Amino acid sequence: MKHFTSVNDVTDLKKWVDEALKIKADPQGFVDIGGQKTLGLVFLNPSLRTRMSTQKAAMNLGMNTMVINMDKEGWRLEMNDNVIMDGYSVEHIKEAAAVLGQYCDILGLRCFPNLKDRHEDYSEEVLNKFIKYCGVPVVSLESATLHPLQSFADLITIKEHATKPKPKVVLTWAPHVKPLPQAVSNSFSEWMVKAQELDMVDFVITHPEGYELAEEFTKGAMINTNQDEALKNADFVYVKNWSSYNKYGEILSDGKGWMMDNEKLKLTDNAKVMHCLPVRRGLELGNDILDGNNSLVIHEAGNRVFAAQTVLKKLIEGNKL
Ligand code: AN0
Ligand code: CP
């Protein structure tokens, strides 16, 4: 594996989950692997979990980490080629990425979509240019369309908490007041479809009409716009808001009735409830669930360390760093 940007970089999903759980059992057991190599984390958008868990993962492997909040601390970047830079941007991604590659052995990048131009976002222009110019292995810390470190942690969490060989996992849309990316949901779907092919889960997606995700990520999933029906016998409910893909970046309704709470939980098989966080209480997810025994959200965030540690270990080994 040269870079880690989607589930397609995973050679063997089952083995990766097992390896992550082994690392979790002894997080410092591989402290010699990092060999004081440098991980650079570049954020074009805010983060709590991704930043801290990936730093922690690097520490556990004996790596050093440098973080830059490029949106606040760096120069304003130009992404377009062949432009005369007489506007607001100060530095071209060609130079910025190449320079970062001089200082770091592995680079992580967070680059959210602008949610205005679907073609631009779904071409992953920023991530791809960064990969092209930095010259070192790159880990996605959530790109315009995917959040693979999150989905890996989610699958680890499901494996740990499953009480049957093939649990039913439901991804449900939830209300929000701001237009959010489809990245977490696209990515979760892509990982669950792969897990379903390996008989690890049964996967269902539910959302109001108009919130269909891009087919490239959902192909193979059962999709049901009736949330009550979809939730029946669920073992895991994964809650997430996303803005419309078809009416790109739009919020289509207030989503009343779609918030997951203890009442809806009764439709499930006493399901465990997941969310990538940050979550808006009382809007996306009920306080009753978040404060109750069915919530896995904190545990799930904890597993981000072991997902990142597994990926960094594979990048170090695969690229002979
Ligand atoms: C982001 C999103 O939905 O992609 C990050 C989630 C990890 N969430 C918000 O912007 C609230
Ligand atoms: N779940 C997640 O990626 O959280 P942050 O945006 O805080 O990193």
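Since the model is a prediction, treat every value here as computed from it, not as a measurement. All ligand and atom numbering here is 1-based and tracks the order in the structure. Computed over heavy atoms, backbone and side chain alike; hydrogens, waters and symmetry mates excluded.
Side-chain contact between R118 and N246: present, with at least one pair of heavy atoms (C-beta onward) separated by less than 4.5 Å.
Between R51 and ligand 2, not a single N/O pair is under 3.5 Å apart. The shortest N or O to N or O distance between C276 and ligand 2 is under 3.5 Å. At a 3.5 angstrom cut-off on N or O pairs, E142 counts as close to ligand 1. Considering both main-chain and side-chain atoms, P278 never comes within under 3.5 Å of ligand 2 through any nitrogen or oxygen pair.
The nearest protein atom to atom 1 (C) of ligand 1, hydrogens excluded, is given as F112 CZ, 4.1 Å; this is a heavy-atom distance. The protein heavy atom nearest to atom 9 (C) of ligand 1 is L180 CD2, 3.8 Å. Nearest to atom 2 (C) of ligand 2 among the protein's heavy atoms is R304 NH1, 3.4 Å.
Neither the backbone nor the side chain of N241 has a heavy atom within less than 4.0 Å of ligand 1. Contacts between K240 and ligand 1 below 4.0 angstrom, taking non-hydrogen atoms only, involve the side chain exclusively.
Not a single heavy atom of T50 lies less than 4.0 angstrom from ligand 1.
Taking all heavy atoms of L277, L48, V297 into account, the minimum distance to atom 7 (O) of ligand 2 is reached by L48. Between the choices R49, M52, E142, R110, the shortest heavy-atom distance to atom 6 (O) of ligand 2 belongs to R110.
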Using the salt bridge (charged side-chain N to carboxylate O under 4.0 Å, His left out) rule, take E263 and K266 through it: C-alpha gap first, then chi angles, then the decisive distance, then the call. CA-CA 6 Å; E263 222 18 65; K266 288 184 191 155; 2.9 Å; yes
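Using cut-offs of 30° and 60° for the angle between ring planes, the F152 and F4 rings count as tilted. A perpendicular orientation is assigned to the rings of W258 and W173, their planes being inclined by more than 60° (bins at 30° and 60°).
A donor and an acceptor atom, one from each side chain of N294 and N270, are located under 3.5 Å apart. Side-chain atoms of Q182 and D121 form no donor-acceptor pair, as typed in the model, at a separation below 3.5 Å. Side chain to side chain, N287 and R281 meet the donor-acceptor criterion of an N or O pair below 3.5 Å. A donor-acceptor contact closer than 3.5 angstrom links the side chains of E73 and N69. Between D154 and Q150, the side chains place a donor N or O and an acceptor N or O closer than 3.5 Å (distance only, hydrogens not considered).
Near H147, the atoms of ligand 2 lying under 4.0 angstrom from a non-hydrogen atom of the residue are 2 (C), 3 (O). The atoms of ligand 1 that sit less than 4.0 Å from any heavy atom of L277 are 7 (C).
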